[in-house]
*Asks:* 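Let me begin by handing over the structure; questions about it come next.
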Amino acid sequence: MVKLQTPTTRFLSRIALLLISVLGPTVASAQTLSAPDAMDVYRTIDSWVRGWEVEDEQIVGKSTPAFACVSVTLRLDGRVIGRGQIVNPDPNSESVALATRVAIAQARSWVRTKVDEEPTQDFWESMASRVTLSVELLDRIVPMSDTELGLPAMGLSPGVQALVMHLGERAEVMTPDEMISLGMGIEQAAYSMATTLSSDGAMALASVKELIDRGYAFSRGEPIWIAQSAADQGGVFLDRGSRMIEESSVGTNSVRNMSERLAGYLLAQRWPGAERYGIVGTREIVSGRANPEVALPYEQAMVATALLRFSEQGKNPIHTRSRDEAIRILQDLGAVQPGEPEPWIGIHASASLIALSYLNQEQIKSDEDLSRLNERCAKALESLYTPIDGFPDSVPTGARGLVAWSLVRSGNKYASSAVRAVFRDTPQGELVSQMPFLGWAELELAQNASEVPAATALNQMRSRMWDHQLVSSDLDWKDRDYLGAVVFTKGTSGLPTSRNLRPIAMICTMLGDPRLTPGTIADMGIASEIGHCAAAMRFVDQLVMSDASGFLSRSPDRTIGGIRSSLSEWEVSPASSAIALLAAIEFDRSIKAIGTRPAPGLMPE
């Protein structure tokens, strides 16, 4: 996946990505099937599925190309109702028809268990129009070495590559679609297949080395994946279960579009019952279930902040709805329900005050719930920092920037002292953990100053981020969806995740501040910074649950548009989505600000 660079400053941040790369030449597992030919195969399978049948002559007639592995998955409203998988040591031209026949047979059997009598032809035709199709095609599989198998995730790229396990003449495959559907990682998939092949439950506890010693062999492959996003849509090519965001497509228009998708997702998280619980928590994409059922007060307040900021970006219905929903969320926070955590404790109070600071004080005073929330949170804030005692142990180290920002937004007399304390006590290499809140607090304190006191620290943080940002030369083709991400860890087990969002949001703010990013659009330095930020926003957009992935979810209307934890994790978080929305707003604001700067030698009109 990663082609190592010579500068040592890039090595530690990218070694984690090296460990999930496939050893040996990339071309060894490359597909030889062209995209048009793959789409032709998909359409053939689709025609069989809509007719609920694969004729015998279509199997023996060799009407499709030969494949080593084919997986056909049928879903109804996001639920898998049929999956057919055929794996062969050598490519076989019957694989497509056989896998489709198995998937159809399973789906027909599932349907029959749900009805009281044999379905009519009209019923089957109606069902065919509702079923979504997902197809994975591997024209070859490659044996894996012991060295590869000793790597984390067996050296495979999660969500991209399929794992094949052999025991004697028997073989099992676990494709990206199936792993996502079952919520399995690579190692879990291996143990599941080992149990299936041996019918011995103890194999689920065996190490990979023990499996090898018992005669199991492993192969890998990178399937071409084509699926319908919804029942009324055609098939599209997928990368890691989603659409690939091309670097060239990122601009102000695409970021504004992403903002609307993020806001739409946040608006869809309203608690469905009569209780005043605000919004739901992190939602599993596949099952559609929220866990926790109710978002924590901190998360709800961050969502309210993001929606209020977004509502200022335009006058369309979605902007009006966003403001109304943000106010409703804050009102619900002020009306604590039985068994619900109180929002006027610790960082929940800080986050709530930040959101309230974007409302008119008269509006707060005139509303009983908002007034209660404001008064009690303000009282709680007094105990979260003093110059003598500093921050209490109840404030996590990583949340001190948030508390400092709330002190600034609230006009607290100790705000400046708190901001300086966090900068002073945070090692330079860990400053990203306090972003964007500490940075926003600093800029608000210095909004009328000619210089930013922490400019050196902030610029060093930004330079460190860009030193660890992934570029095209770092990535194999199959892992190009990590482009623009930043790897902060110095260890060997991390991959870029939604943790990127918080510092990226601050970097987008810095882009538009002439004290931190001087120059005009004509300067190479500005162009470079815009390029870095645009690449980072490309990765943010890659984390967004896209329409193309809707077929994987039982609740697509409540998951599409949300930010996933990582490219290989299938859950969406309101809190992360709120930070992503704020980052998008800051990127757009900064690009506009740069565009208004006068060119050198010219006076502004």
Side-chain angles (χ1 to χ4, degrees), residues 29 31-76 79-112 119 121 123-125 127-142 162-166 169-179 181 193 196-197 219-228 231 233-238 551:
S29 60
Q31 290 277 351
T32 59
L33 189 71
S34 69
D37 287 345
M39 185 57 76
D40 285 343
V41 173
Y42 170 87
R43 291 183 179 125
T44 297
I45 296 173
D46 185 74
S47 68
W48 291 336
V49 168
R50 304 313 160 189
W52 290 102
E53 189 173 13
V54 180
E55 301 287 352
D56 289 341
E57 58 267 24
Q58 292 169 325
I59 295 178
V60 299
K62 301 181 180 180
S63 58
T64 57
F67 292 98
C69 179
V70 176
S71 180
V72 176
T73 304
L74 304 181
R75 288 178 170 86
L76 182 66
R79 181 192 300 271
V80 174
I81 62 172
R83 177 177 279 124
Q85 294 176 324
I86 300 295
V87 58
N88 304 290
D90 298 309
N92 189 310
S93 61
E94 298 180 356
S95 297
V96 171
L98 289 172
T100 307
R101 173 175 276 187
V102 172
I104 290 174
Q106 288 185 5
R108 290 176 70 98
S109 177
W110 183 90
V111 168
R112 287 189 171 102
Q121 183 62 30
F123 180 90
W124 286 118
E125 290 177 1
M127 289 295 299
S129 67
R130 295 177 54 195
V131 169
T132 59
L133 171 63
S134 172
V135 174
E136 294 160 288
L137 306 170
L138 292 95
D139 59 4
R140 65 181 67 184
I141 54 177
V142 181
L163 178 65
V164 180
M165 182 179 288
H166 314 263
E169 296 184 355
R170 300 181 62 202
E172 287 285 326
V173 62
M174 193 76 79
T175 63
D177 185 318
E178 188 171 13
M179 285 188 237
S181 300
M193 288 189 291
T196 300
L197 285 172
S219 297
R220 56 175 165 80
E222 185 178 334
I224 292 177
W225 190 356
I226 308 174
Q228 292 175 275
Q233 300 295 312
V236 295
F237 289 93
L238 300 178
F551 71 100

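Side chains are part of it too, since the values below use all heavy atoms of this structure and drop only hydrogens, waters and symmetry mates. These numbers come from a predicted model, not from an experiment.
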*Asks:* Is there a side chain to side chain contact (heavy atoms under 4.5 Å, CB included) between Tyr42 and Gln228? Walk through the geometry before answering.
*Replies:* CA-CA 10 Å; Tyr42 170 87; Gln228 292 175 275; 3.0 Å; yes
*Asks:* Output the distance between atom CG (Asp139) and atom CG (Leu33), rounded to the nearest 0.5 Å.
*Replies:* 6.0 Å
*Asks:* Provide the closest heavy-atom pair for Trp225 versus Pro176 in the form atom of the first, atom of the second, distance.
*Replies:* CZ3-CB, 3.8 Å
*Asks:* For the side chain to side chain contact (heavy atoms under 4.5 Å, CB included) test, which of Thr44, Val135, Ile224, Ile226 pairs with Met39?
*Replies:* Ile226
*Asks:* Quick one: do Arg43 and Asp46 satisfy salt bridge (Lys or Arg N to Asp or Glu O under 4.0 Å)? Show the steps, please.
*Replies:* CA-CA 5 Å; Arg43 291 183 179 125; Asp46 185 74; over 6 Å; no
*Asks:* Hey, does the side chain of Ser95 reach the backbone of Phe67 with a donor-acceptor pair shorter than 3.5 angstrom?
*Replies:* yes
*Asks:* Nearest heavy-atom pair of Ala227 and Leu238: which atoms, and what distance?
*Replies:* CB-CD1, 3.8 Å
*Asks:* Looking at CD of Gln85 and CE of Met174, how far apart are the two atoms once the value is rounded to the nearest 0.5 Å?
*Replies:* 8.0 Å
*Asks:* Between Leu98, Val72, Val96, which is the residue that forms a side chain to side chain contact (heavy atoms under 4.5 Å, CB included) with Ile86?
*Replies:* Leu98
*Asks:* Using a distance-only test with no angle check, is there a side-chain donor-acceptor pair under 3.5 angstrom linking Glu172 and Thr196?
*Replies:* no
*Asks:* Counting C-beta onward and ignoring hydrogens, is there a side-chain heavy-atom pair between Ile104 and Glu53 closer than 4.5 Å?
*Replies:* no
*Asks:* Going by the side chain to side chain contact (heavy atoms under 4.5 Å, CB included) test, name the single residue among Ile81, Thr132, Leu133 that passes it with Arg75.
*Replies:* Thr132
*Asks:* Do side-chain atoms of Trp124 reach the backbone of Trp52 as a donor and acceptor pair under 3.5 angstrom?
*Replies:* no
*Asks:* With side chain to side chain contact (heavy atoms under 4.5 Å, CB included) as the test, would you mind laying out the steps for Glu94 and Asn88 before giving the verdict?
*Replies:* CA-CA 10 Å; Glu94 298 180 356; Asn88 304 290; over 6 Å; no
*Asks:* Does the side chain of Arg83 come within less than 4.5 Å of Ser181's, by heavy atoms?
*Replies:* yes
*Asks:* Taking all heavy atoms of Val111 and all of Pro119, pick out the closest pair and write down the distance.
*Replies:* CG1-CG, 4.4 Å
*Asks:* Applying side chain to side chain contact (heavy atoms under 4.5 Å, CB included), run through Phe551 and Gln233 and close with a yes or a no.
*Replies:* CA-CA 10 Å; Phe551 71 100; Gln233 300 295 312; over 6 Å; no
*Asks:* Looking at every heavy atom in both Ile141 and Ala68, which two are closest together, and how far apart are they?
*Replies:* N-CB, 4.1 Å
*Asks:* Under a 4.5 Å cut-off applied to non-hydrogen side-chain atoms, are Trp110 and Leu74 in contact?
*Replies:* no
*Asks:* Stepwise, does the side chain to side chain contact (heavy atoms under 4.5 Å, CB included) test hold for Glu136 with Val173?
*Replies:* CA-CA 11 Å; Glu136 294 160 288; Val173 62; over 6 Å; no
